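Structure, as C-alpha cells:
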Amino acid sequence: MLDWWLPENVSTYGRDIDWLFHLIYYITGITAILVFATMLAFLVMYRDRPGRRARYTHGNTTLEIVWTVVPSLILVILTFLSVPAWSKIKMQAPPPSDFVVQVTAKQFNWQITYPGPDGKFGTEDDKTLLDEMHVPVNKVVHVNLKSQDVIHSFFVPQFRMKQDAVPGREILQWFEATKPGKYELPCAELCGFGHSGMRGWIYVHTADEYKKWAAENLQAAAAPAADKKAEEKKDATTPAPAAAKMGGKAKK
Ligand SMILES: [Cu+2]
C-alpha cells in the first residue's frame, strides 16, 4: 500500500526490509494519530470555562505502568521480528559467490575494482572504474568495502542495502539484483565538503550483456585504445549493444 513512495525494490532481500519498514510505519503512524486525537479531545474537554475550578491530581499508577509496558513490549517484539532479516543480510556468511568486487570509498568517489582475468586482486591486471559498477542480474555479488579516508556509506536504495565504509576495515556486504537497470549509488554518510556530489551508478545487466561488457572492459586485451577503434570500425554497421553504450571509464 505504501509502495508508491519507496523506490522500486530490485533485490532478493528487499521484501524483508520493506515488510519491517511498513510494519514500523503503521505502528508509529497509528500511535501518532491516537496521541494527537487524545490531546485534542483533552484540550476541548478540559478547557477553561466560567465556574470551573482546576483539580489537582496525583496521576494514575496503573495507566503509567500500561503506557510504559506496552511500548516496551512493542519494541522488544519488533526487535525479534527484525532478527531474521538482519541476520540474513548482515550477520550470517553471505551466500557463496565467485563474483567479488572491491569498493574503496574516498572523498568523493567510489573506486570499483575488478580482479581482472586472473581472478586475483592486487595484481597487474586489476581494473578500477570510477563511480560505476557493472554486475549481472540474478547473481550474488560480494562487495569488499573499504575506505581510504573517512567514513562513507555504500547505499543503493533499490537494493535496500546500506553499509558504512570504515577506514582501516574491510567489510563484506552482498546483494543479488533481480532486474536489469541503472541504479544510483549515493554516499549516505556526510563525509566532507563534496559529499552531496559523491555518487556512482550500478549497472545491472542481463547475463549476456554482462559477458559482452566484461569482455570489452575487463579483459587485459581490452586496454589498448587502438584495438578498440579498429573494432568500432568493424562494428559500425551493426547496432552497438546496450552494455557497450553504457561504457566504462577505466582508470588504468
Ligand atoms: Cu562519502
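Computed from a predicted structure; not experimentally measured.
- Using bins of under 30°, 30° to 60° and over 60° for the plane-to-plane angle, the ring pair H134/Y203 lands in the parallel bin.
- For the pair Y114/N217, no side-chain contact is recorded, criterion being any heavy-atom separation below 4.5 Å from C-beta on.
- Salt bridge annotation for R199-E184: present, with a cationic side-chain nitrogen under 4.0 angstrom from a carboxylate oxygen.
- Of the candidates K88, Q173, E176, H142, P94 forms a side chain to side chain contact (heavy atoms under 4.5 Å, CB included) with just one, namely H142.
- In this structure, the side chain of D131 does not engage the main chain of N109 through any donor-acceptor pair within 3.5 Å.
- Atom CG of D16 and atom CD1 of I89 lie 6.0 Å apart (nearest 0.5 Å).
- With respect to the salt-bridge test (charged N to carboxylate O, under 4.0 angstrom), the residues R160 and D18 qualify.
- Counting only heavy atoms from C-beta outward, the side chains of N144 and V101 never approach each other to under 4.5 Å.
- V100 is listed as a side-chain neighbour of F121, based on a closest heavy-atom distance under 4.5 Å.
- If you chain together hydrophobic residues whose side chains sit under 4.5 Å apart, V83 and I24 never meet in one group.
- In this structure, K162 is positioned above the aromatic face of F155, its NZ or CZ under 6.0 Å from the six-membered ring centre and within 45° of the axis.
- Using a 4.5 Å heavy-atom cutoff, the side chains of I27 and L78 are in contact.
- The distance from atom CD of E170 to atom OG of S147, rounded to the nearest 0.5 Å, is 12.0 Å.
- In K120, the NZ atom is not crowded: 12 or fewer heavy atoms of neighbouring residues, nucleotides or ligands sit closer than 6.0 Å.
- Under a cut-off of 6.0 angstrom, the local environment of CE in M91 is sparse, with at most 12 non-hydrogen atoms contributed by other residues, nucleotides or ligands.
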(request) Show your reasoning for whether side chain to side chain donor-acceptor pair (under 3.5 Å) applies to K179 and Q158. (result) CA-CA 10 Å; K179 191 181 165 189; Q158 280 93 341; over 6 Å; no
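- Side-chain atoms of W213 and E216, non-hydrogen and from C-beta on, never get closer than 4.5 Å to each other.
- With no hydrogens or angles considered, a side-chain donor-acceptor pair links T123 and D125 at under 3.5 Å.
- Residue I77 is grouped with residue L23 when hydrophobic side chains (ILVMFWY) are merged at heavy-atom distances under 4.5 angstrom, including chains of intermediate members.
- Checked against I65 for a side chain to side chain contact (heavy atoms under 4.5 Å, CB included), the options L63, T62, T61 give a single hit: T61.
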(request) Go through the steps to decide whether R53 and D48 satisfy the test salt bridge (Lys or Arg N to Asp or Glu O under 4.0 Å), and finish with yes or no. (result) CA-CA 9 Å; R53 291 199 57 195; D48 182 37; over 6 Å; no
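- For the atom pair L145 CG and I171 CD1, the distance stands at 6.0 Å (nearest 0.5 Å).
- Put simply, CD1 on I151 and CD on E189 are 6.0 Å apart, with the number rounded to the nearest 0.5 Å.
- Of the candidates F159, W201, F175, F159 is the only one forming a ring pair (Phe, Tyr, Trp, His ring centres under 6.0 Å) with Y183.
- Nearest heavy atom pair, residue P186 against residue W110, reads O-CZ2, 3.9 Å.
- Ring geometry for Y13 versus W174: interplanar angle over 60°, hence perpendicular rather than tilted (30 to 60°).
- In this structure, L172 is not a member of the same hydrophobic cluster as V166, with clusters built from ILVMFWY side-chain heavy atoms closer than 4.5 Å.
- The distance from the NE2 atom of H152 to the OG1 atom of T104 is 10.5 Å, given to the nearest 0.5 Å.
- Looking at Q102 and Q111, their side chains never bring a donor and an acceptor atom within 3.5 Å of each other.
- A donor-acceptor pair shorter than 3.5 Å cannot be found between the side chains of D208 and H205.
- Residues M133 and F108 are members of one and the same hydrophobic cluster, defined by side-chain heavy-atom contacts under 4.5 angstrom among Ile, Leu, Val, Met, Phe, Trp and Tyr.
- Within the 4.5 Å cutoff, no side-chain heavy atoms of R169 are placed close to those of K146.
- Contact annotation: the side chain of E8 approaches that of V10 to within less than 4.5 Å [non-hydrogen atoms, C-beta and beyond].
- Residue N9 holds its CG atom at 9.0 Å from CG of L6, rounded to the nearest 0.5 Å.
- A 4.5 Å side-chain heavy-atom check between V156 and F154 finds at least one atom pair inside the cut-off.
- Note on ring orientation: taking the six-membered ring where Trp is involved, the planes of F21 and Y25 are parallel (angle under 30°, cut-offs 30° and 60°).
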